[in-house]
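What follows is a set of notes on a single structure, which appears directly below.
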2 protein chains.
Amino acid sequence: MSKNAISNSVIRRLPRYYRFLGELEKNGYDKISSRELAEKMSLTASQIRQDFNCFGEFGQQGYGYNVSELRRQIGIILGLDSKTPMILIGAGNLGTALASHLDFGSVGFRLVGIFDTNKEIIGKKIGDIAITDIERLPDFCKTAKPVSAILCVPDTAVEKTVESLVNLGIRAFWNFTHCELHSDSEDIIAENVHLGDSLTTLSYRINSEKH
Amino acid sequence: MSKNAISNSVIRRLPRYYRFLGELEKNGYDKISSRELAEKMSLTASQIRQDFNCFGEFGQQGYGYNVSELRRQIGIILGLDSKTPMILIGAGNLGTALASHLDFGSVGFRLVGIFDTNKEIIGKKIGDIAITDIERLPDFCKTAKPVSAILCVPDTAVEKTVESLVNLGIRAFWNFTHCELHSDSEDIIAENVHLGDSLTTLSYRINSEKH
DNA sequence: TAGATTGTTAATCGATTAACAATC
DNA sequence: TAGATTGTTAATCGATTAACAATC
């Protein structure tokens, strides 16, 4: 139960806190102060305390924060205790890499199905999930009831794919296509990932160094 | 030649401008006003004009912006006219997907080599580049002189890999490992991509909907 | 208790938005 | 010329940082 509207800047920092606290826990830290954590994460202690206090009081004056307890709390805030069922649409290079590379459980999801149109790969397995003909998706959704999807389809297929997924009850999209989805219009949630944009900023920084 | 220090917020928006202008150009737009562009990109016209004016005067009063000229200019600002030679370290699932999926030329890079330690995949080709034994990297660097690298190695190998790459003259890193590289310390540039963090924010938004 | 560090309010800084004169 | 839209300054808003009383 969050106090007020949480700003996007704070939300974007939460997963990073969660990761760093995981590292600390792994390295045997029991407690940590905002000052120490700030140093490790290249932030300010003030910011860290402000961020945490959006959600409650997790520390103890004179002591600091209990690492594993704080991590647990942030995990709950992020919804990592419930595993949202997710499907992958498009098992090309990128889709396959994501499905096999990513630990869905640790970020709040459970991959329950993989779909493609390409007959040549249908039936093959990625991890322990077989690639299924996308024509069987409607039936699949009736029983498995996934609510989120990874979009790894060609740009030309995005519009139709999204429309049919929305009709099948999918509400959240992790979108790797070059077409941006807008969360506002429908009651859908979209996280648009533009790997190209990320690399482009690297180009900027490399080249702007030369004044 | 940028006027002053450009804020990070602006830099992060530049690739998106570039993409949208590309779409507009493809769709036959000759000119566009900041108001129109703002609507398409869900920004404000003010912000767009402010952003562009960090770098110069690209528009014309009473007319708007010439789409292809503006795009060309932003491309130059982003350094997309020079193709920085880049190597991929680690040809697992993700590395392979990036190497084959991404149009490096259009984001200012040229993929010139792919390296791995796994004898089983050395010699195989991704696109038209053969996977090479990483032991041959020092020789390769002497002639090809790459200055940037994609890091797709296991977390355990990151530290040593980065150290040797820096010694070989690599200065810019597109980092997909879970270990963050800090741009400050050395004169290196790092773009840390945390796909898990991106998905985690989706989990937050799905779950925080339920108040 | 004294020392440390949080939670929280106040001050500052930067980014976004609004307004408008310049000008095509 | 009149209308449109930029470039740019000023106002607002939000996010970050600093300060400090509360308290463990």
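Convention: sequence-line order gives letters A, B, ...; per-chain numbering from 1.
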Output the rounded distance in Å from [atom1] ([X]) to [atom2] ([N]).
X     : N     : atom1 : atom2 : answer
A:R35 : C:dT6 : CZ    : P     : 9 Å
B:I48 : D:dT6 : CD1   : P     : 9 Å
B:F58 : D:dG7 : CZ    : P     : 9 Å
A:L70 : C:dT5 : CG    : P     : 16 Å

Open item on the list: Checking side chain to side chain contact (heavy atoms under 4.5 Å, CB included) between A:I74 and each of A:F52, A:F55, A:F58, which is the one that passes?
Closed with: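 Checked A:F52, A:F55, A:F58 against A:I74; only one passes side chain to side chain contact (heavy atoms under 4.5 Å, CB included): A:F52.
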Task: Heavy-atom side-chain contact between A:I48 and A:Y17 under 4.5 Å - done: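 A side-chain contact exists here, since the closest heavy-atom pair is under 4.5 Å.
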- [ ] Select base, sugar-phosphate, or nothing to describe what B:Y65 touches, counting heavy atoms under 4.0 Å on all strands.
- [x]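 B:Y65: backbone/sugar contact only, no base atoms under 4.0 Å.
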- [ ] Classify every nucleotide of nucleotides 16-23 of chain C by which part a protein heavy atom approaches to under 4.0 Å, writing B for the base, S for the sugar-phosphate alone and - for neither, in 5'-to-3' order.
- [x] SBBBB-BB
What heavy-atom pair brings [X] and [Y] nearest, and what distance separates the two atoms?
X      : Y      : answer
B:I114 : B:A99  : CD1-CB, 4.2 Å
B:V67  : B:L24  : CG1-CB, 4.0 Å
B:R205 : A:S183 : NH1-OG, 4.4 Å

Task: Nucleic acid contacts of residues 23-32 of chain A, taken as heavy-atom distances under 4.0 Å to DNA chain C - done: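 None - not one residue of the stretch has a heavy atom sitting under 4.0 Å from the strand.
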- [ ] Answer yes or no: does atom CD of B:E159 have more than 12 heavy-atom neighbours from other residues, nucleotides or ligands under 6.0 Å?
- [x]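 Not more than 12 within 6.0 Å, no.
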Task: Pairwise side chain to side chain donor-acceptor pair (under 3.5 Å) hits with a residue in residues 90-112 of chain A, at least two apart - done: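 Residue pairs with at least one partner in residues 90-112 of chain A: A:N93-B:S100, A:S100-B:N93, A:D103-A:S106.
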Open item on the list: As a check on the pairing definition, encode DNA chain C in dot-bracket form, counting Watson-Crick and G-U wobble pairs whose two distances are under 3.5 Å, and using | for partners outside this strand.
Closed with: ..||||||||||||||||||||||
Task: ring-ring contact (aromatic ring centres under 6.0 Å, His included) against B:Y18, all qualifying residues, sequence neighbours excluded - done: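 B:Y18: no ring-ring contact (aromatic ring centres under 6.0 Å, His included) contacts found.
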Open item on the list: So, applying salt bridge (charged side-chain N to carboxylate O under 4.0 Å, His left out) with A:E25, which one of A:R72, A:R71, A:R19 is it?
Closed with: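 Only one option passes, and that is A:R71.
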Anything under 3.5 Å between a donor and an acceptor, one on a side chain of residues 32-40 of chain B, the other on a protein residue two or more places apart or in another chain? List them.
unit_1, atom_1, unit_2, atom_2, d
B:S33, OG, B:E36, N, 3.1
B:S34, OG, B:R49, NH1, 2.9
B:K40, NZ, B:Y29, OH, 3.2

